[in-house]
Amino acid sequence: MASPTTPHAISPPPESALAPDYAGANLTDAYAIILPQGTTRDIDSLAKAILAHPAPWVGVLMRIRDAVMGMLGIKTAKQIRAATSSQDRDRIDFFPVISRSPHELIVGEDDRHLDFRTSVLIRADEHDAAAVAIVTTVVRCHNRLGRLYLAAIRPFHIVIVKAYLRRAAMRGWPA
């Protein structure tokens, strides 16, 4: 059994609202972490615990990404955050909320080079005793720039997703 603070790769969950997008995506991956008993099943609270508190080094990488990609006309985190605020849309950190259900919250953004969606899903056993949080990412590239960008960030993406999950576990899950 995996350690409660160790995220591990799993097959993308078939029960996710993103499942229809898996086929033909340029990137589809999923990472899970065990939720201790007593952790809330409120999807908004869990999604915020995972996505709203990135490690400082993730912020540094995002500033580098924004500086480079902003010169190419790609939306920066600051621009996404501002657009979401001006449209009075929900967001977690800079991630616009696309949809939510009782067990899944999806964030994402569309841009000229690619579209991405990230799901935070709670999977519990039939008695709601054992549960895991699953973060699934689906990316569809539109052009060569999108494919080059994805190739460059893919190794960082894996480390960042695991860091988000590990950091949430270390900070303590909401009750």
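- Judged by distance alone, the side chain of D111 and the main-chain N or O of L114 form no donor-acceptor pair under 3.5 Å.
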For D115 and V139: C-alpha separation, side-chain torsions, deciding distance, then whether side chain to side chain contact (heavy atoms under 4.5 Å, CB included) applies. CA-CA 6 Å; D115 300 339; V139 177; over 6 Å; no

Apply side chain to side chain contact (heavy atoms under 4.5 Å, CB included) to V135 and I50, showing your working. CA-CA 9 Å; V135 175; I50 294 168; 4.1 Å; yes

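- Residues passing the side chain to side chain donor-acceptor pair (under 3.5 Å) test with R100, sequence neighbours excluded: D44, D90.
- Annotation: side chain of W173 is in contact with side chain of L35 (closest heavy-atom distance under 4.5 Å).
- In terms of heavy atoms, P155 sits closest to A151 at CD-O, 3.7 Å.
- Taking each heavy atom of R140 and A23 in turn, the nearest pair found is NH2-O, 2.8 Å.
- Looking at L148 and H113, their side chains never come closer than 4.5 Å, going by heavy atoms from C-beta outward.
- Counting heavy atoms from C-beta on, the side chains of T39 and L46 come closer than 4.5 Å.
- Side-chain contact between L27 and V138 is absent, with no heavy-atom pair separated by less than 4.5 Å.
- A donor-acceptor contact shorter than 3.5 Å is absent between the side chain of H142 and the backbone of R112.
- Remark: side-chain polar atoms of R41 are not paired, donor with acceptor, to backbone N or O of A124 under 3.5 angstrom.
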With a 3.5 Å cut-off and sequence neighbours excluded, list the donor-acceptor pairs that the side chains of residues 14-22 form with protein atoms.
unit_1	atom_1	unit_2	atom_2	d
E15	OE1	R123	NH2	3.1
E15	OE2	R123	NE	2.7
E15	OE2	R123	NH2	3.1
S16	OG	L18	N	2.9
S16	OG	E104	OE2	2.5
Y22	OH	P13	O	2.7

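- Taking NE2 of H157 as the reference point, atom OG1 of T118 lies at 7.0 Å (rounded to 0.5 Å).
- Looking at heavy atoms from C-beta onward, Y31 lies out of side-chain contact with H8 at the 4.5 angstrom threshold.
- Of the candidates T28, D110, T137, R117 forms a side chain to side chain donor-acceptor pair (under 3.5 Å) with just one, namely D110.
- Scored by the side-chain contact (heavy atoms from CB on, under 4.5 Å) test, I43 finds L105, V120, I122 as partners (sequence neighbours excluded).
- In this structure, V132 and I33 have side chains that are not in contact, with every pair of non-hydrogen atoms separated by 4.5 Å or more.
- In this structure, the side chains of I160 and W57 come closer than 4.5 Å at one or more pairs of heavy atoms.
- Across N26 and C141, no two heavy atoms sit closer than the pair OD1-N, 2.7 Å.
- Cluster membership for F95 and I106, using ILVMFWY side-chain heavy atoms within less than 4.5 angstrom, is not shared.
- The main-chain N or O of L145 is found under 3.5 Å from a side-chain atom of N143 such that the two form a donor-acceptor pair.
- The minimum heavy-atom distance linking P7 with R166 is given by the pair CD-NH1, 3.6 Å.
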